[in-house]
Amino acid sequence: MNASKVLRPKNARNFWLMIAGCALLVVLYAAGSYAWPWSPKRGLGLAFGILAASIFVFEMLYPFRRSKARPLSTAKNWLQAHIYLGVLALVGVLGHAGFDWPHGVMGWALLLLSLWTTFTGLLGVWLQKWIPSALSDGLRVEALYERIPSLVQKLLGEADNLMADASDIVERFYRSDVRERLVAVSPSWSYVFDVRGGRERALEPFRRMSQFVDAAEKERVDDLETIYTEKMELDAHYSLQGILRRWLVFHVPTAGLLMGLLAIHVFAWFWY
Amino acid sequence: MPRKPTWGTPGRSEHFPKLRGLYLLFIPAVLLGIVVFVMLGAFQTIGVRGPLSPGDVTSAHAVYDTRCEACHVSRAGAVSVRCQRCHDTGGAARLTQSAHVLFGSGSVTKSGATEDLQCARCHVEHRGSQARLADVEEGQCLRCHASWRPASEGLAYRIASFAGHPEFKVLRDNQQGNPRLLFSHKAHMKPMLKEGAAGEWETCTRCHAPEREAAARDLEPISFEQHCLRCHGDELAMQPVPLKDVQETVEVRDAGGAFQKTPDGQITKTGVRHRDPWILFNMRKLQWELYPEEYARDRAAVFGRMSQLQRRIAQAEPLAGIDVEALKQREAGLVEELRRLESRTSQKRVANDAAGLARLQEVAAAALAAADPDAQKRAAEIKNEAQPLEGKTVAPEALSVDEFEARRRELLAVLDALGAADPSRARTVDDLRRRVLALVPGEPAGATLQRAVKQRRDDLARVHDEIQLRAAGAGVESRVLPERLALQLDLQRQTEQAQSYFSFTGLPPALSDADRQRKQAALTALTGEGARERCAKCHAIVHGSLQPPRPARSVMVRAVFAHKKHLIAPLPQPGLVARIKATFRREPPSSSEEIQRRYRCAYCHEGIQKAADAPRKPSIPAVQSCRECHHAGATRQDCQICHRYHPPGVPS
């Protein structure tokens, strides 16, 4: 899948609305800071802060999209709003701070967490678009992430059955070089760069072996090779789907932390 | 049969796969947020407030870094009273927006109508320990003074940038100052140039030397002893005066000199020096006898100033340094004072525009109650004059400034007589004198009263705030008012002046024409009044009244100009446009002659060397000349570089 396809927004109208919203915020900031001294405590500066905080609260409600409360009609709409409003909120945060560096620990923490959460979110969007397409384009097998370990066990069983009455040489080859790789899922970062990465080298011993065995054994070796290929594809699935699930670890807890700090920030503004 | 490679999903699952929990990450994330909130909230409660702070405070405020309540009031933010607790302990409200408007416009009405601003609006804290609170964003000035603000708001200066800065007021209005000094630059500079001073620079700096300290910004002040004595020392000698018109010996400080008496009843003092106490004492004595109204005005000005300073110093006792009992007493006093002021504002006679009538009646009533028959007589006259004004609306412009000043002098003379006749009324007289001096021609008395009410309310708010702080656990803290020393020195000076030269009280004895002529001759012999010699050679003396000189007073009132910086700073590069133009025209950017020309004193003070008198019109160039260096991309051109927002700590 080429980069332009990955980067192309799913809904162009929403994308351009977001760009327009960001541009509007920047123009408002430029005009506001030219006309009045910019302060996060009053006027437009405060409005930017309130806008960003409100959007952050909405963003935090994202897990509830699956329940019956769907003001945005579909989960897809909610996701679109989650992504684009999130970017808008970041611009709101920057505007609230007057596009200036913060001065205190709290300010830095809020800014860095906002940046981190937004960028991990955008990374997630990219992964959600790129990984499924890379998997469907590059692999034959499709599997649910949760099923992969059992599927691997099933392949191991199939391979063991296949090798039950194999010749000594083939069985030895299976026991020494193949079986241990079929025992468990083997996720690898190399699949991030190429879902079929390392396959030719891994299958080379099978091809060599099939040259030294008779026709019946050759068919057995070929079958083992397809089992092994399937296992490798499941490994690729497991690796990339694992990334799809785990990037949230970098996104959601920091979002919770951001909400905690935001609550304190709002309290401090209100109280002091 | 060979095994078929799998395409798509490899068969149905034997069991329903256990999917990831719906809120697997969301719930821990929310819990994490709650934990952080509770933790920081607990920190705040136990006093660890660093993490909550939006940024470090300036190093001067470092002691309050974690004591938020020192500056912040719950649900009100960083309020001005907390700033004033240290920075304006005198309660003069000098640092408020209304003081700024009064300072700028001189109008009590405008000042009273202005919206109050919190200090924190312009002086933004929590910008790091190295930040300077005095550095105010330019936009804060433009908030009111921007060119797009409607003219109906009545602001004289509406500018968008220095390029649009209006001409200096003194030049625009062609104002004439009164330097109160008779001085010819021409007469002084010519001989210096003749005797070989190395050009104009050396000639000017013989008197106007740049201050020596590295941090100094301006020129050394001129002093008689240092700059004039060498040539003019002999001219101070007095002419003989009749012994009966002067007091031979007076208890004045450092009187010095010696007296010579002649057989025909004349006396001369030898060794007269500048500001000679004996001369000044007898000048006031003769002024009292000859011009009692002028004497009363000058005396009242000194006593009024003393009273003002005493009040400022008394108020300057920082609230933070007073115990709770004293605070409560002050609160009670202010409540009572406010009640009295409010009852006065509610009276119709004060609420209307009959400016001063109430005060006039007040003075007359006080004088009538005195034991002195002269004071009673004058009071009855004032009352009779005031009678027809009762119930009438008098427009503030009904009195011309001269007429107003004459009335003021009259009132001050009455108060003077009253104070002398009945010392038990000294405090009332003091208060009335201060109030009479505070009156501004054309300003409705109601506005002045409203201002007083507002001041008392502000004072009361500060006392309440301090009591509240103490209740919250704040202790007594010692504070030093930065201008207190200057105020005390000024008071000491005024007190010495009052004691030395204004000891004559009551009405002077009536003079015959012959006595009057003789005494006028004596005044001339002492001071040179009317003859332009002795003191009057340089000082403007009218009816025995010698006012201290105030050069350049009308020029730099609300702005500062650092001569030294302008004399020694390197010439800034011309702006980008000028450089491009110069390149196209094949002109050198600036020659050394041009630099020399600019650094001549006469570059700004053109024609000063030919001035035969102390300049009444300011000898300064138009604002355009400032723009030669202060333009975009070159030297700073923000408001703060020249203008002062706050009035000075020690009012002149």
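None of these values were measured; they are calculated from a predicted model.
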### Task
Please lay out, stage by stage, how A:Tyr62 and B:Phe26 fare under the test ring pair (Phe, Tyr, Trp, His ring centres under 6.0 Å).
CA-CA 9 Å; A:Tyr62 182 68; B:Phe26 176 73; 9.9 Å; no
## Note on the structure
Nearest heavy-atom contact between B:Ala29 and A:Pro253 is CB-CA, 3.8 Å
### Message
Please check: side-chain N/O of B:His72 versus main-chain N/O of A:Tyr272, any donor-acceptor pairing under 3.5 Å?
### Response
yes
### Message
Can you tell me which of B:Leu31, B:Leu25, B:Val36 forms the most heavy-atom pairs within a distance under 4.5 Å of chain A?
### Response
B:Leu25
#### Entry: Winner by heavy-atom pair count (cut-off under 4.5 Å) against chain B, out of A:Leu155, A:Leu144, A:Leu257
A:Leu257
### Side chain / backbone / both / neither for B:Ser74 at chain A, heavy atoms under 4.5 Å
both
### Task
Using a 4.5 Å cut-off on heavy atoms from C-beta on, say whether the side chain of B:Pro5 contacts that of A:Glu230.
no
### Query
Are the side chains of B:Thr6 and A:Glu233 in touch, meaning some heavy atoms are under 4.5 Å apart?
no
### Query
Based on non-hydrogen pairs under 4.5 Å, which of B:Glu138, B:Arg127, B:Glu137 is most in contact with chain A?
B:Arg127
#### Entry: Top contributor to chain A interface from B:Arg121, B:His126, B:Met39 [non-hydrogen pairs under 4.5 Å]
B:Arg121
### Query
How far does CZ of B:Arg75 sit from CZ of A:Phe270, to the nearest 0.5 angstrom?
6.0 Å
### Side chain, backbone, both or neither of B:Gln44 within contact of chain A (heavy atoms, under 4.5 Å)
side chain
### Message
Applying side-chain contact (heavy atoms from CB on, under 4.5 Å) to A:Val105 and B:Leu52, what does each step give before you reach the verdict?
### Response
CA-CA 8 Å; A:Val105 177; B:Leu52 273 183; over 6 Å; no
### Interchain contact, A:Arg220 with chain B, by part (heavy-atom threshold 4.5 Å)
neither
### Query
So, do A:His103 and B:Glu125 sit near enough that their side-chain heavy atoms are less than 4.5 Å apart?
no
### Message
Is any side-chain heavy atom of A:Ser39 closer than 4.5 Å to one of B:Val124?
### Response
no
### Message
Are more than 12 heavy atoms, taken from residues, nucleotides or ligands other than A:Trp101, located less than 6.0 Å from that residue's CH2 atom?
### Response
no
### Query
Any chance CD of A:Gln211 has more than 12 other-residue heavy atoms, nucleotides or ligands included, within less than 6.0 Å?
yes
### Message
If you define the side chain from C-beta out and look only at heavy atoms, does anything of A:Ile227 sit under 4.5 Å from B:Arg3?
### Response
yes
#### Entry: A:Ile264 versus chain B, the contacting section by heavy-atom distance below 4.5 Å
both
#### Entry: Over all atoms of both residues, closest heavy-atom pair of A:Arg147 and B:Pro10
NH2-O, 3.7 Å
### Query
Less than 4.5 Å apart, any side-chain heavy atom of A:Pro37 and any of B:Gln140?
yes
#### Entry: Side chains of A:Leu248 and B:Leu24 in contact at under 4.5 Å (non-hydrogen atoms)
no
### Message
Taking side chain as everything from C-beta outward and backbone as N, CA, C, O, which of these in A:Leu139 sits under 4.5 Å from a heavy atom of chain B? Side chain, backbone, both or neither.
### Response
neither
### Query
Does atom CZ of A:Phe250 have more than 12 heavy-atom neighbours, drawn from other residues, nucleotides or ligands, at distances under 6.0 Å?
no
### Task
Give, for atom CG of A:Leu261 and atom CG of B:Leu40, the distance between the pair rounded to the nearest 0.5 Å.
6.5 Å
### Query
Considering residues, nucleotides and ligands other than A:Trp247, do more than 12 of their heavy atoms fall under 6.0 Å from its CH2?
yes
### Task
Answer with side chain, backbone, both or neither: which region of B:Ala78 has an atom nearer than 4.5 Å to a non-hydrogen atom of chain A?
backbone
### Query
Among A:Met106, A:Arg245, A:Met259, which residue forms the greatest number of heavy-atom pairs with chain B at distances under 4.5 Å?
A:Met106
### Task
Please state whether the side chain, the backbone, both or neither of A:Ala263 comes within less than 4.5 Å of a heavy atom of chain B.
both
### Query
What part of A:Glu158 gets closer than 4.5 Å to chain B, counting heavy atoms only: side chain, backbone, both or neither?
side chain
